[in-house]
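One structure follows; several queries about it will come next.
Heavy-atom basis, side chains included; hydrogens, waters and symmetry copies ignored.
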Amino acid sequence: MPAVPDDLQRKFQNWDAKGRPPQEAFEWEKRNWQRYLGGKRILESLPNPIDRAGVLAAFKQVADPDSALDAYVASYLWGYAQANFGPYRAERVIRLNTDLENGQNFAADLHELAEKAMTSGGNAAFENVVKRRQANRKFFDQWGPAFATKYISFATKASFRVATTPILDSIVAKWFSENCKEIGPLWLNWNSAVSYRRYTACMAQWAAELGIEAEQIEQLIFRRD
């Protein structure tokens, strides 16, 4: 695996010197989310501003399709807290993947994903989606890895049985393309799980070298200082 890049080393040293502060929380507009998602109970219980701990609390409650869908809303809200189009995108994915009369149940599929992540790990969960997509290209329609890996990451974090896998989105992929070309391209699609495995293995190694968690490496990549 590649050595820890200079940019990451610098970010780590700055973060460590400041006492290792957590990622900031984000304020969100409740009315905007209610406009698209109606009276979903999770909107009443999520903190405002919301941080990773607030999202994690929702994932620790996952026990059935309804609570898995609540966790989806929590992760989407956190990821799009400051974007006005977030609620629309969250609702669109639910709508496109739910057709109960024809056996399409997004909440049940989310519950399956969460259980796979919590029991077998993030890589297994990602690979399961790849296989489902190979059988049905409309599976998880309009829900790509950039946001699905947020769901997977929080699901693994909520479990004591597996290691937490970090988020892989466009910001992270771009950072790797600029600072760690040796790892190869990181694909933000469901065509293969190969690059996700490369990514999680690399992050795990860097985390071990720096003495922190892989998800903290991902958070450092997001930092702008």
Side-chain angles (χ1 to χ4, degrees), residues 28 33-34 36-47 50-81 86-169 188-191 193 196-197 200 215:
W28 53 285
W33 286 86
Q34 288 177 324
Y36 287 93
L37 298 176
K40 288 197 177 298
R41 60 184 181 182
I42 190 66
L43 296 178
E44 300 299 328
S45 59
L46 287 174
I50 188 168
D51 58 7
R52 288 184 183 240
V55 180
L56 182 61
F59 277 82
K60 288 183 176 180
Q61 299 301 314
V62 171
D64 53 34
D66 285 344
S67 54
L69 185 60
D70 283 344
Y72 161 85
V73 172
S75 64
Y76 232 100
L77 190 151
W78 172 75
Y80 272 134
Y88 161 73
R89 290 194 175 183
E91 184 278 333
R92 180 182 64 170
V93 171
I94 297 172
R95 173 168 36 85
L96 291 175
N97 292 282
T98 303
D99 185 354
L100 299 182
E101 291 184 359
N102 291 305
Q104 190 179 22
N105 189 332
F106 185 53
D109 290 333
L110 285 172
H111 187 218
E112 177 185 311
L113 179 64
E115 285 195 318
K116 176 67 73 171
M118 290 175 173
T119 57
S120 302
N123 285 306
F126 193 102
E127 289 173 357
N128 187 59
V129 178
V130 170
K131 291 177 182 177
R132 295 288 300 271
R133 288 272 298 184
Q134 289 172 345
N136 175 13
R137 300 301 296 177
K138 287 294 186 180
F139 181 75
F140 282 167
D141 192 18
Q142 299 299 311
W143 197 44
F147 260 84
T149 58
K150 289 179 174 61
Y151 193 92
I152 290 171
S153 180
F154 280 109
T156 57
K157 180 71 172 177
S159 173
F160 63 87
R161 290 172 285 186
V162 298
T164 302
T165 49
I167 294 165
L168 174 59
D169 63 10
L188 290 174
N189 58 52
W190 295 120
N191 294 335
Y196 187 64
R197 276 199 174 275
T200 56
E215 63 173 321

**For Gln104 against Lys138, the heavy-atom pair lying closest together** = NE2-O, 4.5 Å
**Prompt:** Any donor-acceptor pair under 3.5 Å linking the side chain of Lys60 with the backbone of Leu56?
**Reply:** no
**Message:** Angle between ring planes, Trp78 versus Phe154, binned at 30° and 60°: parallel, tilted or perpendicular?
**Reply:** perpendicular
**Request:** Give a yes or no on whether the ring-centroid distance for Trp190 and Phe139 is below 6.0 angstrom.
**Result:** no
**Asked** Looking at the rings of Phe106 and Phe140, which for Trp means the six-membered one, are their centres under 6.0 Å apart?
**Response** yes
**Asked** So, does Tyr151 use its side chain to make a donor-acceptor pair with the main chain of Ala68 at under 3.5 Å?
**Response** yes
**Complete:** Rounding to 0.5 Å, atoms NE2 (His111) and CG (Asn105) come to a distance of 11.5 Å
**Item:** Heavy-atom pair of closest approach, residues Ala74 and Ala58
**Value:** CB-CB, 3.8 Å
**Fill in**
Nearest heavy-atom contact between Asn191 and Val130 is O-CG1, 4.1 Å
**Gap separating the OG atom of Ser45 from the NZ atom of Lys40, nearest 0.5 angstrom** = 12.5 Å
**Asked** Roughly how far apart are Lys150 NZ and Arg52 CZ, rounded to 0.5 Å?
**Response** 9.0 Å
**Asked** Judged by atom type as modelled, is there a donor-acceptor pair below 3.5 Å linking the side chain of Thr156 to the main-chain atoms of Thr165?
**Response** yes
**Prompt:** Hey, which of Ile94, Leu69, Asp70 is the one that makes side-chain contact (heavy atoms from CB on, under 4.5 Å) with Leu110?
**Reply:** Leu69
**Message:** With a 4.5 Å cut-off on side-chain heavy atoms, are Tyr196 and Ile152 touching?
**Reply:** yes
**Asked** Quick one: do Arg197 and Glu127 make a salt bridge, cutoff under 4.0 Å?
**Response** yes
**Prompt:** Do the side chain of Asn97 and the main chain of Asp141 share a donor and acceptor less than 3.5 angstrom apart?
**Reply:** yes
**Prompt:** Between Gly54 and Pro47, what is the shortest heavy-atom contact and its length?
**Reply:** CA-CG, 3.9 Å
**Asked** How would you list, by chain and number, every residue that makes a side-chain contact (heavy atoms from CB on, under 4.5 Å) with Ser153, sequence neighbours excluded?
**Response** Thr164, Ile167
**Asked** Is there a donor-acceptor contact under 3.5 Å linking the side chains of Asp64 and Ser67?
**Response** yes
**Asked** In Å, rounded to the nearest 0.5 Å, how long is the span from CG of Leu168 to CZ of Phe126?
**Response** 7.0 Å
**Asked** Looking only at heavy atoms, which two atoms of Tyr72 and Ala90 are closest? And how far apart?
**Response** OH-O, 2.8 Å
**Asked** Are Thr119 and Val162 close enough that some pair of their side-chain heavy atoms sits under 4.5 Å apart?
**Response** no
**Request:** Give, for atom CZ of Arg41 and atom CG of Asp66, the distance between the pair rounded to the nearest 0.5 Å.
**Result:** 5.5 Å
**Message:** Which heavy atom of Ala148 sits nearest to which heavy atom of Trp143, and what is that distance?
**Reply:** CA-CZ2, 3.6 Å
**Request:** Determine whether Asp169 and Thr149 make a side-chain contact, defined as any pair of heavy atoms from C-beta on separated by less than 4.5 Å.
**Result:** no
**Prompt:** Which value, rounded to the nearest 0.5 Å, describes the distance between Asn136 atom CG and Arg133 atom CZ?
**Reply:** 8.0 Å
**Message:** Given Tyr80, which partner from the list Tyr36, Phe147, Tyr88, Trp28 fulfils the ring pair (Phe, Tyr, Trp, His ring centres under 6.0 Å) test?
**Reply:** Phe147
